Amino acid sequence: MPIIKSAEKQLRKSRTRRLRNRAAKSSVKTAIKKVRAGLEGRDREGAEKAFAHAVPLIDKAAGKGLIPKNAAARYKSRLARQLHALTRSS
């Protein structure tokens with residue numbers, strides 16, 4: 001444990017940030033999983049709604065530096081491509 005006051009404060013700040021970042025990353029992953037579940041279940045409307053909900057979450061996470069910008073673009077691109085393929089086949 002830190003002895004210096006500023007180190008104690010830094011520890012508190014880093015714990016808070018870690019929990020906030022972990023929650024945000026978790027919500028992004030959950031949103032992506034919901035889109036994939038809709039795609040696997042061939043549920044076009046559900047997948048589209050989940051995709052519309054997931055995209056802003058992914059963008060926010062990338063903007064805050066939680067995930068790399070290229071990773072965010074990759075996630076959105078792959079999901080959109082799969083959604084488009086499902087829409088065409090239906």
Side-chain angles (χ1 to χ4, degrees):
M1 290 301 299
I3 297 169
I4 299 169
K5 270 192 169 184
S6 61
E8 288 176 359
K9 181 177 179 179
Q10 195 59 44
L11 182 65
R12 286 194 309 269
K13 284 166 54 176
S14 66
R15 282 182 181 156
T16 304
R17 289 173 180 161
R18 179 175 54 87
L19 293 174
R20 187 181 304 131
N21 291 340
R22 190 164 58 175
K25 276 187 181 182
S26 176
S27 67
V28 168
K29 289 178 185 178
T30 303
I32 290 172
K33 285 178 190 174
K34 285 182 181 178
V35 176
R36 289 189 178 140
L39 291 169
E40 287 177 10
R42 315 283 301 163
D43 177 21
R44 187 175 57 85
E45 284 186 24
E48 285 177 350
K49 283 183 183 177
F51 181 73
H53 177 70
V55 169
L57 288 177
I58 293 170
D59 286 336
K60 274 186 191 174
K64 292 178 180 179
L66 295 176
I67 58 174
K69 290 191 187 303
N70 285 350
R74 187 175 63 240
Y75 292 147
K76 292 188 299 183
S77 173
R78 287 179 180 172
L79 291 174
R81 192 176 60 212
Q82 291 171 349
L83 186 62
H84 182 68
L86 178 66
T87 306
R88 267 195 327 210
S89 67
S90 295

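The model shown is predicted, which means the values in this text are computed figures rather than measured ones. Both backbone and side-chain heavy atoms feed into the values below; hydrogens, waters and symmetry mates do not.
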From [X] atom [atom1] to [Y] atom [atom2], the distance as rounded to the nearest 0.5 Å:
X     : Y     : atom1 : atom2 : value
Ser14 : Lys9  : OG    : NZ    : 12.5 Å
Asp43 : Lys34 : CG    : NZ    : 13.0 Å
Gln10 : Ile4  : CD    : CD1   : 12.0 Å
Lys13 : Ser6  : NZ    : OG    : 9.5 Å

Query raised in the report: Same hydrophobic cluster for Leu86 and Tyr75, using side-chain heavy-atom links shorter than 4.5 Å among ILVMFWY?
Result: yes
**Report entry** Linked, directly or transitively: Phe51 and Leu57 (ILVMFWY side chains, under 4.5 Å)
**Finding:**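 Phe51 and Leu57: one cluster.
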Query raised in the report: How far apart are the C-alpha atoms of Val35 and Leu83, what are their side-chain angles, what is the distance that settles it, and do they pass the side-chain contact (heavy atoms from CB on, under 4.5 Å) test?
Result: CA-CA 9 Å; Val35 176; Leu83 186 62; 5.9 Å; no
**Report entry** Sub-4.5 Å side-chain heavy-atom contact between Ile58 and Ile32
**Finding:**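 Yes, close enough: below the 4.5 Å cut-off.
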**Report entry** Min side-chain heavy-atom separation Arg18-Asn21 under 4.5 Å
**Finding:** no
Query - Arg22 backbone acceptor or donor facing Ser26 side chain under 3.5 Å - result: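 Side chain of Ser26 to backbone of Arg22: no pair is present.
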Exercise: identify the closest heavy-atom pair between [X] and [Y]:
X     : Y     : result
Gly38 : Ala47 : C-CB, 4.0 Å
Glu8  : Pro2  : OE2-O, 3.6 Å
Ser89 : Arg42 : OG-NH2, 3.1 Å

Query raised in the report: In chain order, what residues pass the salt bridge (Lys or Arg N to Asp or Glu O under 4.0 Å) check against Glu48, with sequence neighbours excluded?
Result: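 For Glu48 the salt bridge (Lys or Arg N to Asp or Glu O under 4.0 Å) partners, ignoring immediate neighbours, are Arg44.
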Query raised in the report: Asp59: what forms a salt bridge (Lys or Arg N to Asp or Glu O under 4.0 Å) with it, not counting sequence neighbours?
Result: Lys76
Report task. Please check if atom CG in Leu19 has more than 12 non-hydrogen atoms from other residues, nucleotides or ligands closer than 6.0 Å. Result ->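 Yes, because the 6.0 Å sphere around CG of Leu19 holds more than 12 heavy atoms from other groups.
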